[in-house]
*Asks:* 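Sharing a structure, written as structure tokens. Questions coming.
In the text below, chain A, chain B and the rest are named by the order of the sequence lines, each starting its count at 1. Since the structure is predicted, the reported quantities are computational estimates derived from the model, not experimental observations.
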Number of protein chains: 2
Amino acid sequence: MVTGQRGRPRSFDRDAALDKAMLTFWEHGYEATSISDLTRTLGIGAPSLYAAFGDKRKLFDEVVVVYGSRYGDFAAVALREEPTAGAAIGRILREAAEIYTDPAHPPGCMVISAAANTTSQEVAEALRERRNANLALFESRIRADVASGVLPADTDARALARYAGAVLQGMSQQSRDGATREELEAVAERALLAWPA
Amino acid sequence: MVTGQRGRPRSFDRDAALDKAMLTFWEHGYEATSISDLTRTLGIGAPSLYAAFGDKRKLFDEVVVVYGSRYGDFAAVALREEPTAGAAIGRILREAAEIYTDPAHPPGCMVISAAANTTSQEVAEALRERRNANLALFESRIRADVASGVLPADTDARALARYAGAVLQGMSQQSRDGATREELEAVAERALLAWPA
DNA sequence: CAGATTCCCTAGTGACCGCTATAGAATCGT
DNA sequence: ACGATTCTATAGCGGTCACTAGGGAATCTG
């Protein structure tokens, strides 16, 4: 009774489909990716897509979660693993240069680019909150370094976090405009020269 | 015969309409701005809009020109007027903090944000070329300073230009995410600390 | 005034959007 | 085997997209 599922089994791999959907949304953004784009790319019919994922919005929500766990975590990991905020931000910027230009997926950061100019305010707001949450992570890590004396007492943690975020977002945009990994690495190194003693 | 125009005169101010169209495209982007958005905002019917501007694409092209001459020129002006590349970039970043957050118009830079995620590759390409042209302006001004000895001989002009562009684009994105003028000014000052001696 | 010219308004074009009703195909439990 | 269940495929829903045909309205020239 409670054993295996009944009825006709799904004819496609849900996780693989989610991956393909992620790459499509990543490249073209939320709004510019149509359901027929997705059904063509995933190789399934529209009803199958809706049965498996609900609707376009819910599918994108799942995509954002997968993206975060696979490509968006590197910042949080660095903040956790590195001994200082400066070391973490340095690692984040250098890794961003690599990730944003990895030919295995579309350039840049999906959270930064996928909901620019969408008529769906909800989706735009969701990604904006994710970006601002990252800024808050930066800020609290910097604040911890100020409290422990690693950074000068008069450091403006909020402004420094915003600076790091701005450079990251700029690097994402530049990668979408064709910047290479080496060029972004040079940007990262230059940006790090502004880090407080 | 060649005197004044014949026929019924246009019932709206073409330049004022272009201004309103600019603000709408600036806020929502190219694709997310529909013709009916525009006819509602401009207070004219669709046929009038098409008679005056051709089509959506041509209207946007005109908007980009107007935008460039009114808000996009500040970078080129600074590069021309300031004695060094460093002074120019400093002025550009500080002015960007003000312009990007001016409540008289939508936040950020239209050339950076208006064609993210559009299905119209032509429009996206046109704005990308504009951004890259700005980068080239930065680069050549920096190169001039290197040649004249104002900047060290081993300065990587291209990388430095990309750094300035990345910070600018990051500031634009941050302003769209709600950063205030003061916060962007702090970002600009921080960014300038990385400028070579 | 009349006729030519130009613009505006109503109403609609075909195409695509996100999404789904319906019916057939494939697998379950019994 | 057989019904219940779950998926897939066709076909199409109403709505919005960018865009325009057609006729009346307003201004010109003469």
Side-chain angles (χ1 to χ4, degrees), chain A residues 1-18 20-21 24-25 28-63 114-115 117-124 126, chain B residues 1-18 20-21 24-25 27-64 114-115 117-124 126:
Chain A
M1 292 212 150
V2 198
T3 56
Q5 332 164 14
R6 316 210 295 189
R8 176 174 175 173
R10 179 177 288 133
S11 67
F12 61 95
D13 182 333
R14 193 180 188 278
D15 288 340
L18 204 49
K20 291 179 191 165
T24 309
F25 278 127
H28 300 109
Y30 175 74
E31 190 122 16
T33 299
S34 71
I35 295 293
S36 53
D37 287 338
L38 291 168
T39 57
R40 196 181 327 112
T41 304
L42 310 196
I44 63 177
S48 299
L49 188 153
Y50 280 89
F53 299 106
D55 59 13
K56 186 183 178 183
R57 174 80 201 293
K58 292 199 187 81
L59 168 58
F60 185 70
D61 286 345
E62 280 203 58
V63 160
N117 301 325
T118 179
T119 51
S120 164
Q121 298 171 339
E122 291 184 353
V123 172
Chain B
M1 290 219 150
V2 196
T3 57
Q5 332 163 13
R6 316 211 295 190
R8 176 174 176 174
R10 180 178 287 131
S11 67
F12 61 94
D13 182 333
R14 193 179 187 279
D15 289 340
L18 204 48
K20 291 179 192 166
T24 309
F25 278 126
E27 179 161 7
H28 300 108
Y30 175 74
E31 190 121 17
T33 299
S34 71
I35 295 293
S36 52
D37 287 337
L38 290 169
T39 57
R40 197 182 325 112
T41 303
L42 310 195
I44 63 177
S48 300
L49 188 152
Y50 279 90
F53 299 106
D55 60 12
K56 186 183 178 183
R57 173 83 201 292
K58 292 199 187 80
L59 169 58
F60 185 71
D61 286 344
E62 280 204 56
V63 160
V64 169
N117 301 325
T118 180
T119 51
S120 163
Q121 298 172 339
E122 291 183 354
V123 172

*Asks:* Tabulate atom names and distances for all N/O pairs under 3.5 angstrom spanning the protein and nucleotides 20-22 of chain C.
*Replies:*
none

*Asks:* Taking five pairs at each end of the helix from C:dC1-D:dG30 to C:dT30-D:dA1, what angle separates the two helix axes (nearest 10°)?
*Replies:* 0°
*Asks:* Return the set of residues passing salt bridge (Lys or Arg N to Asp or Glu O under 4.0 Å) with A:D13 (not counting sequence neighbours), or none when no residue passes.
*Replies:* none
*Asks:* Between A:R57 and A:E62, does at least one N-O distance fall below 4.0 Å, as a salt bridge requires?
*Replies:* no
*Asks:* In whole Å, I'd like the distance from the CD1 atom of B:I44 to the P atom of C:dT10.
*Replies:* 14 Å
*Asks:* Rounded to the Å, how far apart are B:L49 CG and C:dC9 P?
*Replies:* 12 Å
*Asks:* Closest heavy-atom contact between B:A124 and B:A115?
*Replies:* CA-CB, 3.9 Å
*Asks:* Would you classify B:T33 as touching base, sugar-phosphate or nothing, given that sugar-phosphate means primed atoms plus P, OP1 and OP2, and contacts are heavy atoms under 4.0 Å?
*Replies:* sugar-phosphate
*Asks:* For residues 37-44 of chain B, please give each side-chain donor-acceptor pair under 3.5 Å, one per line with the distance, not counting sequence neighbours.
*Replies:*
residue : atom : partner : partner atom : Å
B:D37   : OD1  : B:R40   : NH2          : 3.4
B:D37   : OD2  : B:S34   : N            : 3.0
B:D37   : OD2  : B:S34   : OG           : 3.2
B:T39   : OG1  : B:I35   : O            : 3.4
B:T39   : OG1  : B:S36   : O            : 3.1
B:T41   : OG1  : B:D37   : O            : 2.8

*Asks:* What integer distance in Å separates A:R6:CZ from D:dC2:P?
*Replies:* 18 Å
*Asks:* Mark yes or no: A:R14 above the aromatic ring of A:F12, with NZ or CZ under 6.0 Å from the six-membered ring centre and no more than 45 degrees from the axis.
*Replies:* no
*Asks:* B:S120 and B:E31: side-chain hydrogen bond (donor to acceptor under 3.5 Å, both in side chains), yes or no, with the steps?
*Replies:* CA-CA 8 Å; B:S120 163; B:E31 190 121 17; over 6 Å; no
*Asks:* Does B:S48 place a side-chain N or O at less than 4.0 Å from the phosphate oxygens OP1/OP2 of C:dC8?
*Replies:* yes
*Asks:* Working to the nearest 0.5 angstrom, can you tell me the gap between B:D61 CG and B:E122 CD?
*Replies:* 9.0 Å
*Asks:* Between D:dA18 atom P and B:E31 atom CD, what is the distance in whole Å?
*Replies:* 8 Å
*Asks:* Are B:L59 and B:L18 close enough that some pair of their side-chain heavy atoms sits under 4.5 Å apart?
*Replies:* yes
*Asks:* Go nucleotide by nucleotide along DNA chain D from the 5' end; which of B:K56 and A:G45 gets its closest nucleotide reached first?
*Replies:* A:G45
*Asks:* Output the residues of residues 35-42 of chain B in contact with DNA chain C, where contact means a heavy atom of the residue under 4.0 Å from an atom of the strand; sort by number or write none.
*Replies:* none
*Asks:* For the pair B:F25 and B:K56, evaluate side-chain contact (heavy atoms from CB on, under 4.5 Å) and give the outcome as yes or no after the intermediate values.
*Replies:* CA-CA 11 Å; B:F25 278 126; B:K56 186 183 178 183; 4.1 Å; yes
*Asks:* Please work out which residues in residues 7-17 of chain A have a non-hydrogen atom less than 4.0 Å from an atom of DNA chain D and list them by number.
*Replies:* A:G7, A:R8, A:P9, A:R10, A:S11, A:F12
*Asks:* OP1 or OP2 of C:dC17 sitting under 4.0 Å from any side-chain N/O of A:S34?
*Replies:* yes
*Asks:* Determine the minimum heavy-atom distance between B:H28 and B:A32, stating which atoms define it.
*Replies:* O-CB, 3.2 Å
*Asks:* Rounded to the nearest 0.5 Å, what's the gap from OH on A:Y30 to CG on A:N117? Could you check?
*Replies:* 15.0 Å
